[in-house]
Amino acid sequence: MEAIRVELPDGSIREVAEGISVFEVARSISEGLASQSVAAKVDGHLVDVSSTLDRDCRLELITLNSEDGLDVYRHSAAHLMAHAVKDLFGGEVQVTIGPSIENGFYYDFYSDTHKFTPEEFEKIESRMAELAKADLPIEREEMTRDSAIELFRQMGESYKVKLIEDLPNETVSLYRQGEFVDLCRGPHLPSTGKIKAFKLTSLAGAYWRGDEKNAMLQRIYATAFPDKKQLKAYLDKLEEARKRDHRKLGRELDLFSFNDEAGAGLVIWHPKGALLRTVLEDFERKEHLRRGYDIVMGPQILRTDLWKTSGHYENYRENMYFTEVDEQSYGIKPMNCLAHMLIYKSKKRSYRDLPLRFFELGTVHRHEKSGVLHGLLRVRGFTQDDAHILCTPDQLDGEIKGVLRFVQDVMKIFGFEYEMEISTRPEKSIGSDVDWERATSALMSALKDSGLPFEVNEGDGAFYGPKIDIKLKDALDRRWQCATIQCDFTLPDRFDLSYVGPDGEKHRPVMVHRVIVGAIERFVGVLIEHYAGNFPLWLSPVQARVVNVTDRQADYAREVTQLLREAGIRVDSDLRNEKLGYKIREAQIEKIPYMLVIGDKEVEEGTLSPRHRSGDSLNAMKPDEFIQLVQDECRLYH
RNA sequence: GCUGGCGUAGCUCAAUAGGUAGAGCAGCUGACUUGUAAUCAGCAGGUUGCGGGUUCAAUUCCUGUCGCCAGCUCCA
């Protein structure tokens, strides 16, 4: 038997016998490492710890401390769940696929006779626990496609048969634990006993292979962690996130509502929500003006012919609202670019005019499918902080970089984490190859210049151009697309936009379509969850509330309220005949940053005593001092 | 749009194996004049989302519709 050389991540080399298992190599390093290893990477490929080494290689042992390790763990937990389900429901249920996902895993089952219910979760969980306790070895087998197809056909697992039939491989791998066998690439844990903490969380429908034309499967979601403590921490975090749900806080803070009779996905902004939104919009206008944008406004409806010119009618008419008056058809705008194009066309443009940056807080309506609506995060009527930049090809790079900086500045103000993605040409698209390449490379170079990491989504672009998407992370760690930067070489063509160059010739301007926060509705929803309703002072719809101790101070309290209001502070007052503690409690629940207490002492001294929602009380101060304090605190943000 | 679940007072939730609904909070009235997260008492509040069907009787069962929730698909 020959010796082979195994290189470990620390650079050290081990000489071992050919045919040795990964587990044995780990054990030769330490018993602890051997028992902690759940898988390994051999020359970068994930394998089981039971796999053997037959040539010189690089070996990295994978433990539960790594993402790869957790992935293997959760994938094995998915098999454990499928095993338990097959044990309990046998021939009624067919297995399909069950991958690991962030924080857990799911498994899709098919059955035309059995409908899973959450009441069965406990039963499945305890069967899983029994199977884990039995510590069944998880063994890998390889066989030819044909024999695997035959095996699963005999077991009545037609979905597995379909999967194998679509695999290009000559041989496929199976994993067996006790009676249960599943088609799987692996790797897996060495035995079921390694699985210590899991919980079934929810039940949902999912299409076979994610295609809505296919059969609907029953998906069971679950979470799994290396130990019970981590599982509990995760479940606690989910609970905390539920408390921050913007739909719940939106009602509790009286920011907005929806109404069945008004229609689904249409936000009704209450006074405090509308004020919050107004503050955001004022912020937007200011930030755009100082970056050289022009504020413009277009109409809510435009003639349908114009949507045909733009290509939107062709591509998106199922999602547009239309209206007809005097035998004239109008489309309710699903986006704001058309009016901006018309502004550009309203006179002859010179290269000296460019770049033009038209900004509009534009309200649009899109008929989103009913099932996708979700609080403020996915609605049918919304307002974008939309702008269209028209520039020369030479200016494109600089403009895109400017927008990226803008996005970064704004995200910093709100303290958001985000991810960036670039999306390239989709199948359903218009425009020439040359244009697409030029636009894509402009976006790519701006991203590279920013020095921030980004992902590439091939074929995910808009029909009229490639784009950069920026996704925020909310309290539930869900990603929400907010900012987007989209190049567009086609709309200027369709509208025959031009400018006169230094050469006296007509040229086509380049167009960039971009939003910074995206839909204000969605952004407010994300903000509510981000801050758990505790908006920073500059954003808070109500910044302070004046509360009196008894009726005796009512007149002075009114005077102070008026004074602060005139100074531009968003203040209200609670002069009801209630105990101070009661009024404080209410203001606290409303998450108002400052409560201004006024009793006999304050009246006498001409002061007010602020209490912050954190519970801290400040010393009594003159109203002027409080105004200064608010102004200083607001300036901290931007 | 699809699959599954759900819809009772402003909110959170009870109740009915089919016999026309109840509590807390909020609201209103009164008393209390109160110093940093709930003063007490009383009153009022519902065609049980909406339409149709079965039934002596429907909030409960069936059906349609609207809406909500979870997920899938989608998101110019």
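Because the structure is predicted, anything quoted here is derived from the model rather than measured. Proteins get letters first, then strands, A, B, ... in listed order; numbering begins at 1 in each.
Among the nucleotides B:G35, B:U36, B:A37, the one closest to any side-chain atom of A:S617 is B:U36. Minimum atom distance to the side chain of A:Y582 is reached by B:A38, of the listed B:U36, B:A38, B:A37. In this structure, the nucleotide among B:U36, B:U12, B:G67 sitting nearest to the side chain of A:A264 is B:G67. When distances are taken from the side chain of A:K579 to each of B:U36, B:U39, B:U33, the shortest belongs to B:U39. Nearest nucleotide to the A:R251 side chain, out of B:U12, B:A70, B:A37: B:U12. Taking the side chain of A:L580 as heavy atoms from C-beta on, and the options B:C2, B:U33, B:G35, the nearest nucleotide is B:G35. Proximity note for A:D260 (side chain, C-beta onward) versus B:G67, B:A37, B:G1: the nearest is B:G67.
Between A:H374 and B:G71 there is no side-chain polar atom (N or O) within less than 4.0 angstrom of OP1 or OP2.
Put simply, the side chain of A:E602 and the base of B:G35 share a donor and an acceptor less than 3.5 Å apart.
Taking atom CD1 on A:I97 and atom P on B:C72, their separation rounds to 12 Å, with Å as the unit. Computed from coordinates, the A:R247 CZ to B:U12 P distance equals 12 Å when rounded to whole Å.
Open room surrounds CG on A:N619; 12 or fewer heavy atoms of other groups in view lie less than 6.0 Å from it.
Summary of the strand contacts: A:E586 and A:S370 both lie near RNA chain B, and taking for each the nucleotide with the nearest heavy atom, the more 5' one is attributed to A:S370.
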Query raised in the report: Yes or no on side chain to side chain donor-acceptor pair (under 3.5 Å) for A:R209 and A:Y207, after CA distance, side-chain angles and deciding distance?
Result: CA-CA 6 Å; A:R209 295 198 160 156; A:Y207 300 107; over 6 Å; no
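Classification of the A:H365-A:Y321 ring pair by plane angle, with boundaries at 30° and 60°, yields perpendicular.
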What N/O pairs connect the protein and nucleotides 74-76 of chain B at under 3.5 Å? Give each pair on its own line.
{"unit_1": "B:C74", "atom_1": "O2", "unit_2": "A:R378", "atom_2": "NH2", "d": "2.8"}
{"unit_1": "B:C74", "atom_1": "N3", "unit_2": "A:R378", "atom_2": "NH1", "d": "3.1"}
{"unit_1": "B:C75", "atom_1": "N1", "unit_2": "A:R378", "atom_2": "NH2", "d": "3.4"}
{"unit_1": "B:C75", "atom_1": "O2", "unit_2": "A:R378", "atom_2": "NE", "d": "3.1"}
{"unit_1": "B:C75", "atom_1": "O2", "unit_2": "A:R378", "atom_2": "NH1", "d": "3.1"}
{"unit_1": "B:C75", "atom_1": "O2", "unit_2": "A:R378", "atom_2": "NH2", "d": "3.2"}
{"unit_1": "B:A76", "atom_1": "O4'", "unit_2": "A:Y316", "atom_2": "OH", "d": "3.0"}
{"unit_1": "B:A76", "atom_1": "O3'", "unit_2": "A:Y464", "atom_2": "OH", "d": "3.2"}
{"unit_1": "B:A76", "atom_1": "O3'", "unit_2": "A:Q486", "atom_2": "OE1", "d": "3.1"}
{"unit_1": "B:A76", "atom_1": "O3'", "unit_2": "A:Q486", "atom_2": "NE2", "d": "3.3"}
{"unit_1": "B:A76", "atom_1": "O2'", "unit_2": "A:Y464", "atom_2": "OH", "d": "3.1"}

